[in-house]
Asks: 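Got a structure for you, questions after.
Here is how names work: the chains are called A, B, and so on, in the same order as the sequence lines, proteins then strands, and each is numbered from 1. Only a predicted model underlies this, so the values are computations on that prediction, with no experimental measurement involved.
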Number of protein chains: 2
Amino acid sequence: MKAIPTIKDVARMAGVSISTVSRVMNKSPKISPGTSNKVMDIIRQLNYEPNNIARSLSRKKTNTIGVILEDIGNPFFAEIAKGVEETLKKNKYSMFLTNTNFEEELELKLTNLLLSNKVDGIIISPINDRSKSLEILKKRGVPFFLVNCRTLAEKFNWVTTDNVRGGYLATKYLIDLGYKRIMHIKGADDQPSKDKFRGFKKAVIEGKLRMSEQVVIDSKAKTSKDGINIMENYIRQKGIEGLPGAIFAVNDDVALGVLQVFSKKGVRVPEEVSLVGYDDIDIASYLFLTTVRQEKYKMGEIAASELISEMESGESYITKQLLMEPKLIVRNSCKLLT
Amino acid sequence: MKAIPTIKDVARMAGVSISTVSRVMNKSPKISPGTSNKVMDIIRQLNYEPNNIARSLSRKKTNTIGVILEDIGNPFFAEIAKGVEETLKKNKYSMFLTNTNFEEELELKLTNLLLSNKVDGIIISPINDRSKSLEILKKRGVPFFLVNCRTLAEKFNWVTTDNVRGGYLATKYLIDLGYKRIMHIKGADDQPSKDKFRGFKKAVIEGKLRMSEQVVIDSKAKTSKDGINIMENYIRQKGIEGLPGAIFAVNDDVALGVLQVFSKKGVRVPEEVSLVGYDDIDIASYLFLTTVRQEKYKMGEIAASELISEMESGESYITKQLLMEPKLIVRNSCKLLT
DNA sequence: TTGTACGCGTTATCAA
DNA sequence: TTGATAACGCGTACAA
């Protein structure tokens with residue numbers, strides 16, 4: 001039969017006790033080279049691999065980190081995931097990746113799923129900073145690290161981009177180009193979106209413009225589909241003439257949707273409308289989209305390594321809140337107003 | 001203390017045996033409403049959640065499916081992953097997602113990792129159809145399903161697109177447009193790439209053209225970076241004048257790289273060169289890239305549901321090999337030769 | 001250096 | 001309808 005061999009089988013065939021086999025597997029120092037070799041032979045012969053489930057139960061440690069992201073289909077999150085995964089791998093952890101699809105209820109379910117699966121820690125990009133999942137994590141005492149979200153009320157650990165600054169950079173760039181009436185396509189009420197809007201306002205005020213003259217689209221834009229809907233709607237209502245000269249979209253994906261609509265309607269970028277995105281996902285460079293770069297991969301790396309170092313040192317009394325610097329990437333989607 | 005409660009704690013507090021608690025958790029029918037309620041109260045009060053690790057060990061079933069893809073950063077695979085995940089979720093399974101980064105050695109490691117973690121089944125997009133991982137899976141007797149790969153020698157279960165047909169469609173389209181000299185940027189020696197090339201040849205021969213007059217780039221192209229390198233190299237050697245009028249790239253990502261180089265060098269698409277990609281990832285539509293569509297999400301769905309149905313019925317004596325029809329999506333990256 | 005025996009948190013079998 | 005109790009596969013304190 002091809003029953004999967006257990007530690008027992010190895011022990012029996014090698015004529016030793018299971019503890020000895022266990023010691024060999026874990027490279028315990030107190031083991032004679034003789035028995036070690038004998039056991040190793042059988043292990044290879046049987047192709048024995050320890051059962052991680054049993055091992056985890058006994059060790060009370062799974063060596064697995066749960067990762068909760070909002071949408072792995074989005075390159076922004078995919079990059080974060082990659083950064084996390086590579087870092088975990090280097091530290092002998094595996095990753096249990098899930099995504100919430102921006103659904104709060106699902107986020108909660110996944111959190112509990114990961115908890116049930118006894119992951120050693122969790123990295124989460126929460127739907128918003130007052131998410132129920134965070135409360136649960138806190139209460140359970142599981143080590144966790146937020147990514148792409150800062151919390152104001154709670155002293156959680158997190159790493160994110162300084163999105164106020166990012167929003168400011170994008171907007172100031174447009175203002176410096178000469179635009180006085182700028183559209184901002186807002187995101188949902190997650191912290192990054194709120195921060196970008198804050199940056200937007202800051203630049204507007206600093207530029208001696210009036211917020212009331214800006215076109216703030218109070219959407220909950222997230223995806224390119226949202227971008228399409230929003231822009232189609234806007235044009236249907238106000239017409240192409242109603243379009244301001246410049247647009248700052250909450251993220252690249254949304255900006256892509258806008259571009260899509262524009263090319264269908266024959267609105268030329270940047271000749272007729274200037275457009276700035278956010279994130280700097282790969283596609284942005286192909287489309288020559290001016291945008292604000294976030295170091296996504298790096299962000300994943302940091303979250304993972306910080307979480308691990310917290311877990312392994314047990315230093316839970318230090319709150320780590322890391323703010324990364326965004327960078328304006330100027331390409332070809334904006335023009336100087338003459 | 002905030003020690004996580006176990007079934008024992010619940011039992012003690014409810015004044016019943018652990019078997020009773022277990023029965024309540026699993027909604028066993030033979031349980032009186034009275035005790036059930038009593039136990040449920042305690043469960044809620046303690047916020048008890050069963051330990052999935054222990055449960056899996058006892059049940060000899062983890063309700064988890066391992067998924068091995070080549071690159072989740074690539075939207076093509078990300079879409080497959082989404083299809084898999086949603087389907088699994090509907091069937092009360094979770095997904096353990098990993099990616100090999102196109103590295104054979106890593107693929108092997110991950111396969112063993114998933115096996116150690118006792119996943120109930122595996123969905124894999126192997127690096128090639130003779131991959132060592134597949135042998136192992138077969139030997140272990142774990143249910144598994146290939147995605148985006150068909151096997152000729154082995155009777156494995158798989159779902160993939162008819163890539164011979166896809167390659168044929170792309171090439172024939174270019175030939176019908178009037179091109180007699182076409183460049184094909186080949187992929188690695190995975191089955192899909194080989195099939196696309198086969199389709200390419202078929203269309204060439206059927207079109208009464210000669211293979212020797214076609215420009216076959218014998219690359220192992222996978223990513224947009226590969227596309228960039230290949231095209232820069234080509235232009236450096238043969239110059240822009242050396243470019244054929246039409247190109248069929250092994251996938252959209254590679255085509256994107258080509259586009260990138262073209263726009264830098266001022267080569268206009270489709271005015272000077274016609275370009276066809278493969279996959280129809282989201283970006284393709286934004287860039288008006290003519291391409292061959294694969295139903296990625298659907299492919300993931302199918303793999304997951306077929307795998308589950310095999311696992312749950314135990315019908316391992318029936319080999320499932322599913323070929324999906326590709327579709328040519330004509331957009332704006334090719335022009336009729338006049 | 002090796003073995004015995006118990007524990008990890010569940011499920012499942014068998015009695016009661 | 002309930003409760004003991006033996007698995008599940010492994011790690012480990014303790015004894016030898």
Asks: Report, as a single string ordered 5' to 3', how protein heavy atoms within less than 4.0 Å touch nucleotides 7-16 of chain D: B base, S sugar-phosphate only, - not at all.
Replies: -BBBBBB---
Asks: Sequence neighbours excluded, which residues qualify as salt bridge (Lys or Arg N to Asp or Glu O under 4.0 Å) partners of A:E301?
Replies: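 Checked A:E301 against salt bridge (Lys or Arg N to Asp or Glu O under 4.0 Å); matches are A:K298.
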Asks: Can you pull the contact range of chain A along DNA chain C, 5' to 3', using atoms under 4.0 angstrom from its heavy atoms?
Replies: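 The contact span of chain A on DNA chain C goes from C:dT1 to C:dG9.
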Asks: Could you tell me if A:T20 and A:S17 have a donor-acceptor pair between their side chains, going purely by distance under 3.5 Å?
Replies: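 Note: A:S17 and A:T20 side chains meet the donor-acceptor criterion.
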Asks: What pairs of residues pass the salt bridge (Lys or Arg N to Asp or Glu O under 4.0 Å) test when at least one of them lies in residues 13-38 of chain A, not counting sequence neighbours?
Replies: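 Of all non-adjacent pairs touching residues 13-38 of chain A, none passes salt bridge (Lys or Arg N to Asp or Glu O under 4.0 Å).
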Asks: Can you pull the ring-ring contact (aromatic ring centres under 6.0 Å, His included) pairs that have at least one residue in residues 123-144 of chain A, sequence neighbours excluded?
Replies: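 Those involving residues 123-144 of chain A are A:F144-A:F156.
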Asks: List the residues meeting side chain to side chain contact (heavy atoms under 4.5 Å, CB included) with B:T319, not counting sequence neighbours, and say none if there are none.
Replies: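 For B:T319, the residues satisfying side chain to side chain contact (heavy atoms under 4.5 Å, CB included) (neighbours in sequence not counted) are B:K155, B:N157, B:Q321.
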Asks: Near DNA chain C, under 4.0 Å by heavy atom, which residues of residues 27-40 of chain B?
Replies: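 When residues 27-40 of chain B is checked for heavy atoms under 4.0 Å from DNA chain C, there are no hits whatsoever.
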Asks: Salt bridge (Lys or Arg N to Asp or Glu O under 4.0 Å): which pairs involve residues 101-116 of chain B, sequence neighbours left out?
Replies: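 Output for this query is empty, none listed.
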Asks: Who pairs with A:N128 by side-chain hydrogen bond (donor to acceptor under 3.5 Å, both in side chains), at least two apart in sequence or on another chain?
Replies: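 Here no residue qualifies.
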Asks: So which pairs with a foot in residues 18-63 of chain A pass ring-ring contact (aromatic ring centres under 6.0 Å, His included), sequence neighbours left out?
Replies: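 Non-adjacent pairs meeting ring-ring contact (aromatic ring centres under 6.0 Å, His included): zero.
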Asks: Just grab all the salt bridge (Lys or Arg N to Asp or Glu O under 4.0 Å) pairs involving residues 64-93 of chain B, residues at least two apart or on different chains.
Replies: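 Sorted pair list: A:D71-B:K82, A:K82-B:D71.
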Asks: May I have all residue pairs that pass salt bridge (Lys or Arg N to Asp or Glu O under 4.0 Å) and include part of residues 114-123 of chain B, sequence neighbours excluded?
Replies: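 Residue pairs with at least one partner in residues 114-123 of chain B: B:K61-B:D120.
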